[in-house]
Amino acid sequence: MALLEVSDLRKYFVVEKGIVRKNRNYVKAVDGVSFTLDKNQTLGIVGESGCGKTTLGKTVLRLLEPDSGVITLNVNGRSINVLDADEEEMRLVRKKMQMVFQDPQSSLNPRMPVKSIIGEPLKILKIAEDPEEREGIVLNLLTDVGLGKEHMERYPHEFSSGQRQRIGIARALAVGPDLIILDEPTSSVDVSVQAQVLNLLKRLQETWNMAYLFISHDLGVVYHMSDRIAVMYLGKIVEVADADRIFDNPLHPYTRALLSALPFPDPEFRGKKKRILLEGTVPDPINPPPGCRFHTRCFERKANRPCKREEPGMREVEKKHLVACHNY
Ligand code: SF4
């Protein structure tokens with residue numbers, strides 16, 4: 001049984017235009033997304049900025065309320081319907097699913113010392129109510145993420161971006177999660193320490209036996225981190241497969257374009273991947289194109305296919321490799 005099952009999830013945002021006569025439009029940020037994530041595995045979600053991946057992460061955790069869909073978390077021998085959870089179930093969900101945000105600067109309270117930032121969830125979720133016990137746990141967590149006792153009393157502004165992200169990770173770990181949603185965890189970290197943060201995340205995953213939902217615009221980073229990869233375009237998943245299959249046999253034209261833009265160090269491999277330049281820009285998510293949402297930029301579109309009128313459904317083209325494209 002998968003740890004997390006997400007089915008047909010939707011999250012729309014209302015946009016009102018005009019002062020007198022208000023026209024209601026919707027940004028379909030997440031529009032019918034389904035996936036599963038197994039225990040101790042990493043599912044990478046990749047796509048351009050604005051494709052809905054951050055909204056997806058927040059909606060799974062119910063930091064944003066979805067409009068429809070089903071989210072099931074299977075923990076401690078229980079299947080919890082996250083969207084219909086009672087207070088006690090929601091407390092368990094909050095313990096078992098955590099999020100590390102893109103910008104550690106704004107996600108850490110600047111007026112709190114590190115020991116309170118990391119200790120707060122332990123207190124709120126009644127994991128360690130005794131202050132001394134809490135401090136002991138916080139110190140262990142800091143050590144786990146490569147910080148130490150000397151950092152306990154310091155405030156977020158006294159740290160580098162990489163250290164702040166380590167604090168964010170320690171705070172997520174504090175409650176003993178089974179799943180962490182990592183939203184672009186290295187995008188606001190100095191380039192020189194990005195690899196350190198990624199390696200730390202890998203090491204922690206092994207020692208803490210956690211699953212990751214790893215969200216990033218960078219397919220190279222996602223490949224390095226993930227067992228499976230889901231490619232998102234304009235609120236929808238267009239391809240999902242094991243990370244190696246996405247690299248060895250990308251099927252969706254959008255995936256192929258993303259992959260062709262990667263700088264491969266190996267010249268032999270690079271030679272096989274001719275750069276595909278997509279025409280145009282990502283369409284307005286308020287008014288996405290009918291049929292296949294990618295058809296306005298697709299270099300594989302053919303007149304004899306229903307790309308402009310029919311939305312392609314997800315099909316399993318090879319084992320555990322699904323794609324939404326009329327070519328298959
Ligand atoms: Fe391109 Fe048509 Fe496939 Fe869409 S369905 S990706 S337009 S070939």
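Just so you know, ligand 1 is whichever comes first in the structure, and atom 1 is the first atom listed for that ligand.
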Atom 3 (Fe) of ligand 1 contact by Cys325, N, O or S atom under 2.8 Å
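Here the distance criterion (N, O or S atom, under 2.8 Å) is met by Cys325, so yes.
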Looking only at protein heavy atoms, which one is nearest to atom 4 (Fe) of ligand 1, and how far off is it?
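That would be Cys292 SG, 2.3 Å.
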In the protein, what heavy atom is nearest to atom 1 (Fe) of ligand 1, and what distance, to one decimal place, separates them?
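Atom 1 (Fe) of ligand 1 sits closest to the protein heavy atom Cys298 SG, 2.3 Å.
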Heteroatom test (N, O or S) for Cys307 near atom 2 (Fe) of ligand 1, limit 2.8 Å:
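Within the cut-off used here (under 2.8 Å), Cys307 does place an N, O or S atom near atom 2 (Fe) of ligand 1.
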May I ask you to establish whether Lys11 and Phe13 are in a cation-pi arrangement, using a distance under 6.0 Å from NZ or CZ to the six-membered ring centre and at most 45° from the ring axis?
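Yes - Lys11 lies over the ring of Phe13, closer than 6.0 Å to its centre and within 45° of its axis.
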Mark up the atoms of ligand 1 that fall under 4.0 Å of a heavy atom belonging to Pro253, in ascending order.
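Taking each heavy atom of Pro253 in turn, ligand 1 has 6 (S) under 4.0 Å.
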Could you tell me, atom by atom, which parts of ligand 1 come under 4.0 Å of a heavy atom of His295?
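In order of numbering, the contacting atoms are 7 (S).
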Ignoring hydrogens and geometry beyond distance, is a side-chain donor-acceptor pair present between Asp8 and Ser34 at under 3.5 Å?
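Looking only at side-chain atoms, Ser34 and Asp8 do not form any donor-acceptor pair under 3.5 Å.
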Judged by modelled atom types alone, do Gln205 and Thr42 share a side-chain donor-acceptor pair under 3.5 Å?
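Thr42 and Gln205 do have a side-chain donor-acceptor pair below 3.5 Å.
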Taking Phe101's backbone N and O only, do any of them form a donor-acceptor pair with Gln165's side chain (distance below 3.5 Å, no angle check)?
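Checking the backbone N and O of Phe101 against the side chain of Gln165, a donor-acceptor pair under 3.5 Å is found.
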Examine distances only and state if a side-chain atom of Arg315 and a backbone atom of Val323 form a donor-acceptor pair shorter than 3.5 Å.
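Side chain of Arg315 to backbone of Val323: no pair is present.
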Considering only heavy atoms, which of Glu310, His326, Glu311, Arg293 lies nearest to atom 5 (S) of ligand 1?
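Nearest heavy atom to atom 5 (S) of ligand 1 lies in His326.
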For His217, which of Glu48, Glu184, Lys53 qualifies under side chain to side chain donor-acceptor pair (under 3.5 Å)?
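Of Glu48, Glu184, Lys53, side chain to side chain donor-acceptor pair (under 3.5 Å) with His217 is met by Glu184 alone.
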Under 4.0 Å from ligand 1, counting heavy atoms only, is it the side chain of His252, its backbone, both or neither?
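Side chain only; the backbone of His252 stays clear of ligand 1.
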